[in-house]
Amino acid sequence: MTSQLIAERLGQEEFLARSLHRDYCYVPGAVTEPGALVSLDTLNDLIATHRLEVPRLRLSAGGEMLPQHRYAVPVTTRRHTVWQRTHPAELHQCLAEGASLVIDAIDELHEPVADLAQHLEGWLRTHVQVNAYASWSAREGFGTHWDDHDVIVVQVEGSKHWRLYGPTRIAPMHRDTAQPEPPPEQPIADLVLEPGDVLYLPRGWWHAVAADQGVRSLHLTCGLTPHTGADLIGWLSEMLRATEQVRADLPLHAGPDAQAAYMRSLREHLVAALEEPGLLERFAAARDAEDLGRLRPALPHLAGVPADPDLWVRLTTGRARLMSAADGEGAVVVRFAAAGQEVDFDPAVEPLLRRLLGGGWVSLADLAAAAKLTVADAAAVARELVAVQAATVRGGLW
């Protein structure tokens, strides 16, 4: 799979240990068929068949977003709602003049890109949003800028010139206490990405991007949602609500000695919580289990999943967790956590669940074979997963 190849070419565990959140990583020719992910024809179809409005679809030039009236016209429906229809001639003119076209969260609109995002989520254990960027000139659409999230870039068509300047503030955030200093005048890396090349860039790294020598270009940017110390503290504060000391009113009107005693007690609770073994893993598991992924209905199967061997199943999230646990009676079960829900299964079902964790669509027949179960048993498992929105189904060939 393309997405698995990206993980392998970036270096798998070596990438996690040396590059992730630390340094850029450039891998030429990492993807052998980038056009299988997305193409300009894909963008044509999405614009023609979806009501994509700002900011989902937007044009940018010189670091500024173009007004929507430059390339779209308002349409009033018979129900008196108004939407902006993209006008091809005006769109073409803006792009020819140097604007860049952006489609946000294309992973929610196009299944091959959704597969890419879901596999990266399973590897990196964080939410991934993929944006598509297309340009037809050497004019920079966004100027020299930095992002508040790490990115993995996949060049799909044409060439893209990237100038990397490094960070001037370590790990800047969307909601921060200060802004990074301006970047240096000279880049630390000057790269031209060709189709199939992959580039990883940590958050906070200043960069400038333009189509190389004015050649049309299409690339995908996979944005990785950061997990910071601020997120951990926020999550921990929710966990500590179980303690009376944290729920108690602050002694704002007490004397200095009482206030000092309260602060000592609160500090002890916080330190004890932070020193708990496996705290970061608990945090990561909780975040994974809460991720809703890309929810998808399972029409027409309103009453459940039938025992049809040709029915296909897939998970809606790449961050599902599978673990051994004990049920209320002490029996060992396999616990599946995803989409904010937990479901306990008999250990015999584990091979089926692991097959689903591999990603993509899997037939009920293959799921049953993986666990040496009947198709009816496999359908029962799928039915429970669909009921908690952790999976979806589709029928027949497509």
Q.
Between H145 (side chain only) and G143 (backbone N and O only), is there a donor and an acceptor less than 3.5 Å apart?
A. yes
Q) Does the salt bridge (charged side-chain N to carboxylate O under 4.0 Å, His left out) test come out yes or no for E244 and R247, once each step is laid out? A) CA-CA 5 Å; E244 179 182 338; R247 296 197 313 272; 5.4 Å; no
Q: Check the angle between the aromatic planes of F283 and W235 and answer parallel, tilted or perpendicular using the 30° and 60° thresholds.
A: perpendicular
Q) In terms of side-chain geometry, is the basic nitrogen of D231 or R287 positioned less than 4.0 Å from the acidic oxygen of its partner? A) no
Q: Only one of Q129, Q118, R294 passes side chain to side chain donor-acceptor pair (under 3.5 Å) with D107; say which it is.
A: R294
**Q.** Qualifying residue, where the test is side chain to side chain contact (heavy atoms under 4.5 Å, CB included) with L353 and the options are L367, L322, L315
**A.** L322
Q. Can you check whether F15 and W123 have ring centres sitting under 6.0 Å from each other?
A. yes
Q. If only atom types and distance count, is the side chain of D197 paired as donor or acceptor with the main-chain N or O of G29 below 3.5 Å?
A. yes
**Q.** Under 3.5 Å donor-acceptor, D308 side chain and D310 backbone
**A.** yes
Q | Side chain Q259, main chain P251, donor-acceptor under 3.5 Å | A | yes
Q. Salt bridge check: are E64 and R70 linked by an N-O gap of less than 4.0 Å?
A. no
Q) Are any side-chain N or O atoms of R22 and backbone N or O atoms of L16, one a donor and one an acceptor, separated by less than 3.5 Å? A) yes
Q: Decide whether L124 and V31 are clustered together by the hydrophobic rule: side chain heavy atoms of Ile, Leu, Val, Met, Phe, Trp, Tyr closer than 4.5 Å, transitively.
A: yes
Q) For A285, does its backbone N or O pair with a side-chain atom of D288 as donor and acceptor, under 3.5 Å? A) no
(Q) Does either side chain, that of W83 or that of T77, offer a donor lying less than 3.5 Å from an acceptor on the other one? (A) no
Q) Looking only at atom types and distance, does a side-chain atom of S265 sit under 3.5 Å from a main-chain N or O of Y262, one as donor and one as acceptor? A) no
Q: Check each of K160, H219, R216 against S135 using the side chain to side chain donor-acceptor pair (under 3.5 Å) test, and report the only one that passes.
A: K160
